[in-house]
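As structure tokens, the structure follows; a few thoughts come after it.
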Amino acid sequence: MTTSVLGDAFAHHAWATERLIDACTALTPEQLTSPAPGTYGSIMDTFRHLADGENFYVSVVTGDPTDPIGEEASLAHVRSVIASDGEVWAELLSGEIDPDADVEDIDEGWEFHAPMGVRLAQVIHHGTDHRSQICTALTSFGLTPPEIDLWAFAEATGRSRAVPAPAP
């Protein structure tokens with residue numbers, strides 16, 4: 001299997017977010033909507049923000065408009081956005097990418113430029129930061145977050161393997 005140099009990073013990004021969403025489906029409405037100190041906000045607000053950011057980055061990088069998530073989006077909807085955007089990232093990464101290509105974002109009253117490499121790094125950073133905050137919120141409820149680190153991803157997807165050491 002051939003993958004891009006960023007393929008595992010983006011596959012992990014989607015996998016970890018989807019796994020965390022799956023773990024949060026068992027939470028009560030109060031747990032989903034309670035603010036957690038030191039985080040973006042409630043678990044639900046954080047997931048919606050993460051997915052909105054994901055859609056924004058997809059839109060800016062591809063030039064294709066995306067729909068806003070909305071303040072009432074369910075976990076299932078957020079999960080479908082993350083999965084769909086994961087497919088977009090995989091397709092984008094399967095081609096040639098110039099990390100220095102200027103990617104502009106034009107909005108009302110301003111224009112922002114950053115190279116493609118920075119834009120892609122931001123996608124990963126943004127997801128990691130907010131998944132960490134959601135895990136903090138889960139811990140504040142006395143719950144153990146799921147294993148979503150890169151090694152758990154590599155093991156779950158067959159991207160790593162352990163080889164016994166040879167006998168002396």
Side-chain angles (χ1 to χ4, degrees), residues 1-26 32 39-40 43-107 112-138 145-163:
M1 175 178 159
T2 304
T3 187
S4 76
V5 70
L6 292 175
D8 285 323
F10 276 81
H12 167 260
H13 169 69
W15 174 90
T17 304
E18 290 170 7
R19 185 161 178 187
L20 191 54
I21 289 169
D22 293 346
C24 289
T25 60
L32 285 171
T39 69
Y40 177 86
I43 289 173
M44 210 51 240
D45 287 343
T46 306
F47 274 129
R48 289 177 186 132
H49 169 76
L50 195 160
D52 259 335
E54 189 83 10
N55 265 354
F56 171 77
Y57 301 135
V58 163
S59 179
V60 168
V61 168
T62 66
D64 296 331
T66 56
D67 294 326
I69 300 304
E71 294 181 11
E72 299 301 317
S74 66
L75 280 176
H77 180 68
V78 169
R79 191 182 196 290
S80 72
V81 167
I82 296 299
S84 177
D85 288 347
E87 292 172 11
V88 172
W89 295 126
E91 183 177 333
L92 178 76
L93 294 170
S94 70
E96 298 266 335
I97 296 177
D98 177 1
D100 295 319
D102 182 54
V103 179
E104 69 179 10
D105 174 26
I106 300 172
D107 202 350
F112 183 76
H113 296 261
M116 179 67 82
V118 170
R119 297 286 188 166
L120 295 176
Q122 173 58 18
V123 173
I124 300 300
H125 168 73
H126 187 251
T128 301
D129 187 34
H130 289 304
R131 284 190 303 272
S132 176
Q133 293 173 357
I134 292 166
C135 288
T136 296
L138 290 173
E147 291 291 327
I148 57 170
D149 63 70
L150 207 32
W151 293 119
F153 163 78
E155 183 177 330
T157 59
R159 297 290 289 155
S160 68
R161 65 187 186 345
V163 178

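Residues passing the side chain to side chain contact (heavy atoms under 4.5 Å, CB included) test with Ala137, sequence neighbours excluded: Ala36, Ile43. Scored by the side chain to side chain donor-acceptor pair (under 3.5 Å) test, Arg131 finds His13, Thr17, Thr128 as partners (sequence neighbours excluded). In this view, Glu104 and Asp102, Ile106, Glu111, His113 satisfy the side chain to side chain contact (heavy atoms under 4.5 Å, CB included) rule, not counting sequence neighbours. Residues passing the salt bridge (charged side-chain N to carboxylate O under 4.0 Å, His left out) test with Asp129, sequence neighbours excluded: none.
Closest approach of Asp149 to Trp15, counting heavy atoms only: O-CZ3, 4.0 Å. Shortest non-hydrogen contact noted between Pro146 and Leu138 is CD-CD1, 4.4 Å. Across all non-hydrogen atoms, the minimal contact from Arg119 to Val103 is NH2-O, 2.9 Å. Closest of all the heavy-atom pairs between Pro115 and Pro99 is CB-O, 3.4 Å.
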| message | If you apply the rule side chain to side chain contact (heavy atoms under 4.5 Å, CB included), what do you find for Ile124 with Leu6, and how did you get there? | response | CA-CA 10 Å; Ile124 300 300; Leu6 292 175; over 6 Å; no
| query | Under the side chain to side chain contact (heavy atoms under 4.5 Å, CB included) criterion, do Ile134 and Thr39 qualify, and how do the steps go? | reply | CA-CA 8 Å; Ile134 292 166; Thr39 69; over 6 Å; no
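Taken from OH in Tyr40 to CD in Gln133, the straight-line distance is 9.5 Å, to the nearest 0.5 Å. With rounding to the nearest 0.5 angstrom, the CG atom of Leu92 is 5.5 Å from the CE atom of Met116.
The ring pair (Phe, Tyr, Trp, His ring centres under 6.0 Å) analysis of residues 59-93, with sequence neighbours excluded, yields the pairs Phe10-Trp89. Judged as a side-chain hydrogen bond (donor to acceptor under 3.5 Å, both in side chains), the pairs with a partner in residues 56-76 (not counting sequence neighbours) are, in order, Tyr57-Gln122.
Leu50 places a side-chain heavy atom less than 4.5 Å from the side chain of Ile82. No side-chain heavy atom of Phe56 sits under 4.5 Å from any side-chain heavy atom of Asp52. The side-chain heavy atoms of Phe47 and Leu20, taken from C-beta on, include a pair separated by under 4.5 Å.
In terms of modelled atom types and a separation under 3.5 Å, the side chain of Arg79 and the main chain of Asp22 share no donor-acceptor contact. Here the side chain of His130 pairs no donor or acceptor atom with the backbone of His125 at under 3.5 angstrom. Checking side-chain atoms of Thr157 against main-chain N and O of Phe153 turns up a donor-acceptor pair under 3.5 Å.
For the side-chain contact (heavy atoms from CB on, under 4.5 Å) with Val78, the lone residue among Glu54, Glu18, Arg48 that qualifies is Arg48.
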